[in-house]
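Here the structure comes first, spelled out in structure tokens, and everything after it is commentary.
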Amino acid sequence: MATQGSGRQPKYQRIADELREAIQAGEYGPGDRLPGENDLMATYEVARMTARQALGVLQNEGLAESRKGAGVFVRTFKPLRRRGIQRLSRDQWGSGRSIWSADIGDRTLVVDQVQVTEEAAPDRINQVLGIEAGASACVRSRRFVLDDKPVLLSTSYLPADLVAGSAITQEDTGPGGTYARLAELGYKPVHFREEIRSRMPSQAEASRLQLSTGTPVIMICRTAFADEGRPVEVNEMVLDANAYVLEYDFDA
């Protein structure tokens with residue numbers, strides 16, 4: 001394999017660049033099979049490892065996906081455009097719609113791996129919610145699957161005494177979700193704060209999101225505030241970075 005010497009790219013990177021250009025030019029469309037390792041070895045006169053690395057680059061970039069026993073194919077999944085401001089509008093959850101409806105259009109969304117428990121929250125959550133150490137929180141954990149592709153893991157924390165006896169403690173919170181139920185309890189969210197960062201996933205996160213090797217995740221921590229700046233929910237989300245475009249549209 002070529003080295004970085006003399007300003008030259010490694011061979012696997014040059015092969016990946018050519019394949020990427022072919023995908024972007026439409027020579028390979030969504031769902032099309034890309035040349036396999038044997039094809040690349042013959043065409044470029046390279047070793048199998050070099051061909052494998054080239055295909056791996058495209059998989060890590062989210063352009064291609066491997067199907068066991070069938071080869072590597074151009075990815076068919078359309079990235080989800082997450083409209084960070086519109087989705088949290090009171091017009092969404094206040095009218096009984098899911099905040100996800102601002103993002104997905106007519107695509108199919110399934111929520112699974114739902115767990116609702118009452119337990120002590122981590123110290124970082126207690127500090128934001130103003131809960132005493134050791135006090136109970138309502139913890140809502142779930143996974144979101146779009147068009148059969150897991151895209152997001154979500155864990156929400158709410159003060160247990162605030163939501164006791166409400167639908168928030170059930171798996172199905174009803175029309176409008178958690179924020180509509182908080183409004184009914186007298187704690188309508190009036191302000192949100194989101195903090196965003198990225199990192200590599202844990203082994204458990206990679207498994208639950210079915211991530212290809214080398215795929216990073218986006219971390220979003222959202223805090224919902226009721227009147228007088230009272231924090232009523234902290235939601236920690238883990239997103240497949242290849243599955244998302246984060247959009248923030250607001251006036252100057």
Side-chain angles (χ1 to χ4, degrees), residues 78-114 116 121 124-125 127-131 137-147 149-159 162-163 166-198 209 217-252:
K78 178 183 177 183
L80 175 62
R81 188 169 293 274
R82 183 183 188 272
R83 295 175 169 85
I85 294 176
Q86 294 91 328
R87 70 197 313 271
L88 294 174
S89 167
R90 194 176 308 158
D91 291 340
Q92 284 289 121
W93 49 266
S95 60
R97 288 177 290 175
S98 163
I99 63 175
W100 277 78
S101 64
D103 302 332
I104 64 174
D106 59 359
R107 301 175 71 177
T108 302
L109 178 71
V110 174
V111 183
D112 66 7
Q113 299 184 5
V114 180
V116 184
R124 67 180 184 280
I125 303 297
Q127 293 173 9
V128 176
L129 291 178
I131 299 176
C138 174
V139 183
R140 299 182 52 82
S141 175
R142 58 268 192 213
R143 182 178 73 164
F144 293 83
V145 181
L146 183 67
D147 296 340
K149 169 71 177 73
V151 295
L152 180 145
L153 308 176
S154 174
T155 304
S156 295
Y157 301 86
L158 304 99
L162 187 149
V163 302
S166 74
I168 292 173
T169 64
Q170 307 299 314
E171 289 191 6
D172 184 358
T173 56
T178 296
Y179 297 145
R181 303 293 80 76
L182 283 170
E184 293 168 356
L185 292 170
Y187 298 100
K188 175 180 65 181
V190 298
H191 181 74
F192 296 95
R193 180 181 66 220
E194 288 193 341
E195 300 173 351
I196 302 174
R197 62 189 179 92
S198 61
L209 288 172
V217 291
I218 301 170
M219 301 287 298
I220 299 180
C221 180
R222 180 173 68 234
T223 305
F225 299 88
D227 287 329
E228 300 180 354
R230 175 171 182 173
V232 291
E233 182 215 32
V234 175
N235 188 351
E236 294 187 328
M237 293 163 275
V238 182
L239 292 66
D240 173 358
N242 279 336
Y244 275 90
V245 173
L246 304 185
E247 176 183 300
Y248 293 90
D249 184 2
F250 46 89
D251 295 331

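All residue numbers refer to positions in the sequence shown, counting from 1.
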*Evaluate side-chain contact (heavy atoms from CB on, under 4.5 Å) for Val145 paired with Gln113, printing each intermediate quantity in order.*
CA-CA 10 Å; Val145 181; Gln113 299 184 5; over 6 Å; no

*Can you tell if the side chain of Ile168 reaches within under 4.5 Å of the side chain of Leu182, non-hydrogen atoms only?*
yes

*Are the side chain of Arg140 and the backbone of Gln170 linked by a donor-acceptor contact shorter than 3.5 Å?*
yes

*So, are Asp103 and Arg87 salt-bridged, with charged N and O less than 4.0 Å apart?*
yes

_Quick one: does any side-chain atom of Lys149 pair with a main-chain N or O of Leu209 as donor and acceptor, under 3.5 Å?_
yes

*Is there any side chain to side chain donor-acceptor pair (under 3.5 Å) pair reaching into residues 183-193, and which pairs are they, with sequence neighbours excluded?*
Arg181-Glu184

*Qualifying residues under side-chain contact (heavy atoms from CB on, under 4.5 Å), relative to Ile85, sequence neighbours excluded*: Tyr248, Phe250

*Over all heavy atoms of both residues, which pair between Pro159 and Val232 is shortest? Give the atoms and the distance, please.*
CD-O, 3.4 Å

*Mind checking whether Met219 and Val238 have side chains closer than 4.5 Å, heavy atoms only?*
yes

_4.5 Å side-chain heavy-atom contact, Val151 and Tyr244_ = yes

*Does the side chain of Val217 come within less than 4.5 Å of Leu239's, by heavy atoms?*
no

_To check you understand the geometry: which heavy-atom pair defines the closest contact between Asn242 and Asp240, and what is its length?_
N-OD1, 2.9 Å

*State the CD-CG distance between Glu233 and Leu162, to the nearest 0.5 angstrom.*
11.0 Å

*Note, Phe192 side chain near Phe225 side chain (heavy atom, < 4.5 Å)*: no

*Using 4.0 Å as the upper bound for N to carboxylate O, is an ion pair formed by Arg124 and Glu236?*
yes

_Between Ser154 and Asn235, is there a side-chain donor-acceptor contact under 3.5 Å, judged purely by atom types and distance?_
yes

*Indicate the atoms forming the closest heavy-atom contact of Leu88 with Glu194, along with that distance.*
CD1-OE2, 4.0 Å

*Leu185 vs Ser166 side-chain heavy atoms within contact, under 4.5 Å*: yes

*Decide yes or no for Thr169 and Val163: does some side-chain heavy atom of the first lie under 4.5 Å from some side-chain heavy atom of the second?*
yes

_With a 4.0 Å cut-off on N to O distance, would you call Arg107 and Asp147 a salt bridge?_
yes

_Residue pair Arg142 / Ser156, side-chain donor-acceptor N/O under 3.5 Å_ = yes

*Classify the side-chain pair Tyr179/Gln92 by whether it contains a donor and acceptor separated by less than 3.5 Å.*
no

*Closest approach of Ala137 to Ala121 (non-hydrogen atoms, all atoms of both residues)*: CB-CB, 3.9 Å

*Would you mind reporting whether Leu146 and Thr108 have side-chain heavy atoms less than 4.5 Å apart?*
no

*What closest approach, in Å, do Val128 and Pro231 show between heavy atoms, and which atom pair accounts for it?*
O-CG, 3.0 Å

*Which atoms form the tightest heavy-atom contact between Leu80 and Ile104, and what is the distance?*
CD1-CG2, 4.0 Å

*Is a donor on one side and an acceptor on the other found under 3.5 Å between the side chain of Arg82 and the backbone of Glu247?*
no

